[in-house]
Amino acid sequence: MRQPVIAANWKMYKNPAESVAFIREFLPLVEHLSGSDIVLFPTATSLASVCDAVAETRLMAGAQTMHWLSEGPYTGQTSPTMLTSIGATHVLLGHSERRLYANETYEHVNLKIKAACANHLIPVLCLGEMLSDRQEGYTADTLMAQMGAALANFPAERAHTLIVAYEPVWAIGTGSTATPEVANDTHGIIRRDLEKRFGREIADATRILYGGSVKPENVAEMMAQPEIDGALVGGASLDPHTFADIIRNAHPAS
Ligand code: PGA
């Protein structure tokens, strides 16, 4: 059984006060809903406040990106050890907005993912094809290329910590989601690739999240798919009640 993960990607929204106010309102709404791990990814300047606010709660917190080195003359960057020093436990890597707007390549992601593991941060590797890839039949090739670059020389003994987020670029912030069947099939492609790299046991244990316009209305049908182990939520995670509804609807029985 894979413990589901529902994660909030707050992107460039919410200052520290707004982030802490969200947590105060959100926590009582989800305290009794035990079905998933819940991880918040605030913007860099809010992360320390969020880490403090989630300490001693069932929530966890992580960064939206990081550098791979521990320190150095790299203006504007944050290192893995800086993240762990404030209590962050997770890090998003390879989000398509970072690839589109910050020139992040999967070779960078590869360095970062190895650094995350070396520093005991849980990496959430984001993958996803463009609309043209899907229309032209290149979805599997694109995802395999992304996995190959991101996971090159990744230490197999750390593979059990990896979380993968499948986020088709055409579904992010657009309101159009992949159908549950398409998402499930694509997660299957990713899981088979993980099996080739790390073996059956690791592939079976790895949580693969779906991301791209997840809402309270569509999360249940996504989570009902056998290959979908959670959600990475952008826009719909900014309101505490909407995000709590997503967590409630993800597990209709809880
Ligand atoms: P969205 O974003 O839910 O607003 O589509 C998802 C993401 O970018 O992680």
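Counting starts at 1 for both ligands and their atoms, following the listed order.
Near His95, meaning under 4.0 Å from any of its heavy atoms, are these atoms of ligand 1: 7 (C), 8 (O), 9 (O). Applying the 4.0 Å criterion to heavy atoms of Ser213 picks out, from ligand 1, the atoms 1 (P), 3 (O), 5 (O). Close contacts of ligand 1 with Ala171, meaning ligand atoms under 4.0 Å from a residue heavy atom, involve 5 (O). Which parts of ligand 1 touch Gly212 is read off a 4.0 Å heavy-atom cut-off, strictly below it: atoms 5 (O). For ligand 1 and Gly173, the ligand atoms under 4.0 Å from any heavy atom of the residue are 1 (P), 4 (O), 5 (O).
Remark: the Glu104 side chain and the His95 side chain contain no N/O donor-acceptor pair separated by less than 3.5 Å.
Using a 4.0 Å heavy-atom cutoff, Ala236 is absent from the residues neighbouring ligand 1. Taking 4.0 Å as the cut-off, Lys215 does not count as a neighbour of ligand 1 on heavy-atom distance. In this structure, Ser237 has no heavy atom closer than 4.0 Å to ligand 1.
Summarising the local packing, CE of Met144 is surrounded by more than 12 heavy atoms from other residues, nucleotides or ligands at distances under 6.0 Å.
Using cut-offs of 30° and 60° on the angle between ring planes, the pair His90 and Phe41 is perpendicular. Using the six-membered ring where Trp is involved, Phe22 and Trp10 have ring planes that are perpendicular, over 60° apart on the 30 and 60° scheme.
The shortest contact between atom 2 (O) of ligand 1 and any protein heavy atom is with Lys11 NZ, 3.3 Å. With hydrogens left out, the protein atom closest to atom 4 (O) of ligand 1 is Gly235 N, 2.8 Å, a heavy atom. Scanning the protein for heavy atoms near atom 9 (O) of ligand 1, the closest one is Glu167 OE2, 2.6 Å.
Contact of the Leu194 side chain with the Ile208 side chain is registered, since non-hydrogen atoms from C-beta on lie closer than 4.5 Å. With contacts defined as side-chain heavy-atom distances shorter than 4.5 Å, the pair Tyr106/Met147 does not qualify.
The main-chain N or O of Gly230 is never found under 3.5 Å from a side-chain atom of Arg2 such that the two would form a donor-acceptor pair.
In terms of polar-atom proximity, Gly234 is counted as a contact of ligand 1, with an N or O under 3.5 Å from an N or O of the ligand. For the pair Glu97 and ligand 1, the shortest N or O to N or O distance does not fall below 3.5 Å. When only interatomic distances are considered, the shortest N/O to N/O separation between Ile172 and ligand 1 does not fall below 3.5 Å.
The pair Asp245-Arg248 meets the salt-bridge criterion, with a side-chain N (NZ, NE, NH1 or NH2) lying under 4.0 Å from an Asp/Glu carboxylate O.
Looking at every heavy atom in both residues, Ile6 comes nearest to Ile247 through CG2-CG1, 3.9 Å.
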